[in-house]
Every structure is written in C-alpha cells, then in structure tokens.
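To start, the structure under review is shown below, and the notes come after it.
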Amino acid sequence: MAQKVVAIDGPAGSGKSTTAKALASALRLAHLDSGALYRSMTLAIRENGLPLNGPNLAAWAKDAPIELRLSDAGYVPTIAGRDVSQAIRSPEVTLGVSEVASIAEVRDWVNWALARASELHPRGVVVDGRDIGTVVFPNAALKVFLVASPATRARRRVLDMGLTDDEVTVARVEGEIAARDSADSSRDIAPLIKAEDAIEIDTTDLGFAEQVDRVVELAKAALFPEKS
Ligand code: DC
C-alpha cells in the first residue's frame with residue numbers, strides 16, 4: 001500500500017524545502033527535512049572536534065544525541081535538546097555535509113529517524129531530500145523531483161542567505177552548488193537520481209506560488225483521492 005508520504009527530491013537550491021514546508025502547511029501534514037539531519041550530524045561532529053572522515057566516526061554517529069523534535073513550528077532538528085535549525089545553515093556545515101552524508105551508518109540512522117517520525121504522524125508527512133523517493137520511501141504516494149537551472153538555484157541561495165545577487169557572488173555560489181551536486185550524484189550509496197515514477201517539475205520559470213499550487217494539487221489527489 002502507498003504510504004501517506006510525499007517525497008520531494010532534487011538538487012541543492014531547487015526549492016525542495018520551501019515547497020515541502022508550504023505543502024505541509026496547506027494540507028496539515030508534517031514536514032521532515034532530511035538534509036537538516038545530515039547537517040545536524042555534521043555540526044555535532046564539528047562541535048566534538050572529530051575529523052569528518054575519521055575511523056571511529058560511524059560508531060560515534062550512531063549514538064549522537066540528534067533528534068527531530070515536534071514543536072509549534074513543526075519538526076526542528078536538535079542536538080542534546082538544543083534547537084540547531086539556524087546553526088546548521090553555516091558555510092562550514094554546508095562545506096562538510098556531503099562527506100558526512102556519504103557514510104552508510106549515518107544514512108541508516110537518518111532513514112530510521114525519518115521512518116519513525118512518519119509512523120508517529122497520523123495525517124501524513126512531506127519529506128524532502130535526495131533519495132527519499134528512491135531509497136527511504138519507495139512506496140510514497142507521490143514523488144516529486146524538482147529541478148531548476150544552476151544560475152537560478154544559485155541566485156535563490158544567495159538571496160536566502162541575505163546577500164545581494166551580484167554577478168560575482170552568484171557565480172561563486174553556483175560553483176559551490178555544482179561541486180555539492182556532483183558529490184551527491186556520484187556517490188556509491190543513495191546518489192541523487194530521479195525515481196522512475198517521480199513527477200519532474202522544472203521551477204526555473206515558475207513563481208513560488210505557482211510551484212506550490214502544482215505540488216499541492218498533485219498531493220491532494222495522491223493522498224486524499226476521496227476529496228479531489
Ligand atoms: O538539502 P540540503 O542542502 O540541506 O542537504 C544537505 C546535504 O545533505 C546535501 O549536500 C546532501 C545530503 N543529503 C543527502 O545525501 N540525502 C538526503 N536525503 C538529504 C540530504
């Protein structure tokens with residue numbers, strides 16, 4: 001049976017998280033940001049002064065005190081009870097996260113945390129990431145794969161970070177995004193690829209409201225067919 005799950009995958013800056021958040025709020029679902037868990041793990045490793053590719057990292061990661069906690073603002077990532085939603089967006093974490101996300105034990109742990117949170121939610125969940133439709137929830141009721149041109153994705157990231165979108169800044173961020181996409185797409189485990197049954201939406205020329213409307217309509221039909 002299809003799970004009450006909407007999987008939203010795609011490369012960095014394609015608008016997954018913002019779309020997932022808006023969809024969750026429109027249909028009263030919970031939003032689970034899988035990238036936030038990889039980022040939290042990266043931050044915890046850094047705060048403990050461990051090397052990103054050390055020999056004992058996998059064992060340490062299994063018991064790391066990271067949790068998605070349900071709050072009024074939805075699920076927030078925490079380390080030892082501390083809300084780290086802001087701290088995990090730092091450039092240091094962004095630079096290290098692809099390496100941490102390539103560790104099998106870390107991926108197993110993230111997938112376990114996502115499965116548990118989804119089981120606890122009565123109405124359904126929207127999960128965004130890179131391998132949600134292919135590996136984590138292969139039976140998701142709806143799989144969406146968002147894409148956008150590299151320049152558009154870079155510009156969105158620059159504006160998200162509160163910077164001005166001058167040519168030099170956009171070009172720098174575009175380079176960083178390209179490096180992360182290439183690491184995420186070429187790794188051996190759970191690489192970023194589109195699931196065969198995913199619906200691809202190119203958001204390059206779509207306004208945000210239009211992008212969300214499309215996904216909301218698809219999700220209504222997939223999750224609550226009796227009402228659509
Ligand atoms: O979506 P994001 O930028 O917050 O993701 C951070 C990193 O985590 C990204 O570079 C790849 C990794 N990631 C992953 O490997 N699998 C996921 N399901 C989500 C994120």
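Since this is a predicted model, take the numbers as computed values, not measurements. Both ligands and their constituent atoms are indexed starting at 1 by order of listing.
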min-distance protein heavy atom vs atom 4 (O) of ligand 1 -> R39 NE, 2.7 Å
Identify, with sequence neighbours excluded, every residue that meets salt bridge (charged side-chain N to carboxylate O under 4.0 Å, His left out) alongside E217.
-> K220
Tell me, which protein residue and heavy-atom name are nearest atom 19 (C) of ligand 1, and how many Å apart are they?
-> S34 OG, 3.3 Å
I would like to know whether R82 and E47 meet salt bridge (Lys or Arg N to Asp or Glu O under 4.0 Å); could you show each step before the answer?
-> CA-CA 13 Å; R82 173 172 53 104; E47 286 182 344; 2.7 Å; yes
Identity and distance of the protein heavy atom lying nearest atom 12 (C) of ligand 1 | A101 CB, 3.7 Å
Answer whether the closest heavy-atom distance between the side chains of K143 and F145 falls below 4.5 Å.
-> no
Atom 18 (N) of ligand 1 has as its nearest protein heavy atom D131 OD1, 2.8 Å
Interatomic distance, CG@L57 vs CD1@I103, rounded to 0.5 Å, equals 4.5 Å
Any heavy atom of R130 under 4.0 Å from ligand 1? The part involved is both
To which protein heavy atom is atom 13 (N) of ligand 1 closest, and what is the distance rounded to 0.1 Å?
-> Y38 CD1, 3.6 Å
Under a heavy-atom criterion of less than 4.0 Å, does R89 contact ligand 1?
-> yes
Using salt bridge (charged side-chain N to carboxylate O under 4.0 Å, His left out) as the criterion, point out the one residue from R39, K21, R89 that pairs with D33.
-> R89
Would you please determine whether S98 falls within less than 4.0 Å of ligand 1 on a heavy-atom basis?
-> yes
Is there a salt bridge (Lys or Arg N to Asp or Glu O under 4.0 Å) between D165 and R155 once you walk through the steps?
-> CA-CA 6 Å; D165 57 343; R155 182 157 293 108; 3.4 Å; yes
Beyond-backbone contact of V136 with V127, side-chain heavy atoms, under 4.5 angstrom | no
Nearest non-hydrogen protein atom, atom 6 (C) of ligand 1 | R180 NH1, 3.5 Å
For atom 16 (N) of ligand 1, the protein heavy atom that lies nearest, with its residue and separation = R107 NH2, 3.0 Å
Look up atom CG in L50 and atom CG in N56, then write down how far apart they are to the nearest 0.5 Å.
-> 8.5 Å
Residue part near ligand 1, for R187, under 4.0 Å between non-hydrogen atoms | side chain
Considering L37, D184, D128, which one's heavy-atom position lies nearest to atom 11 (C) of ligand 1?
-> D184
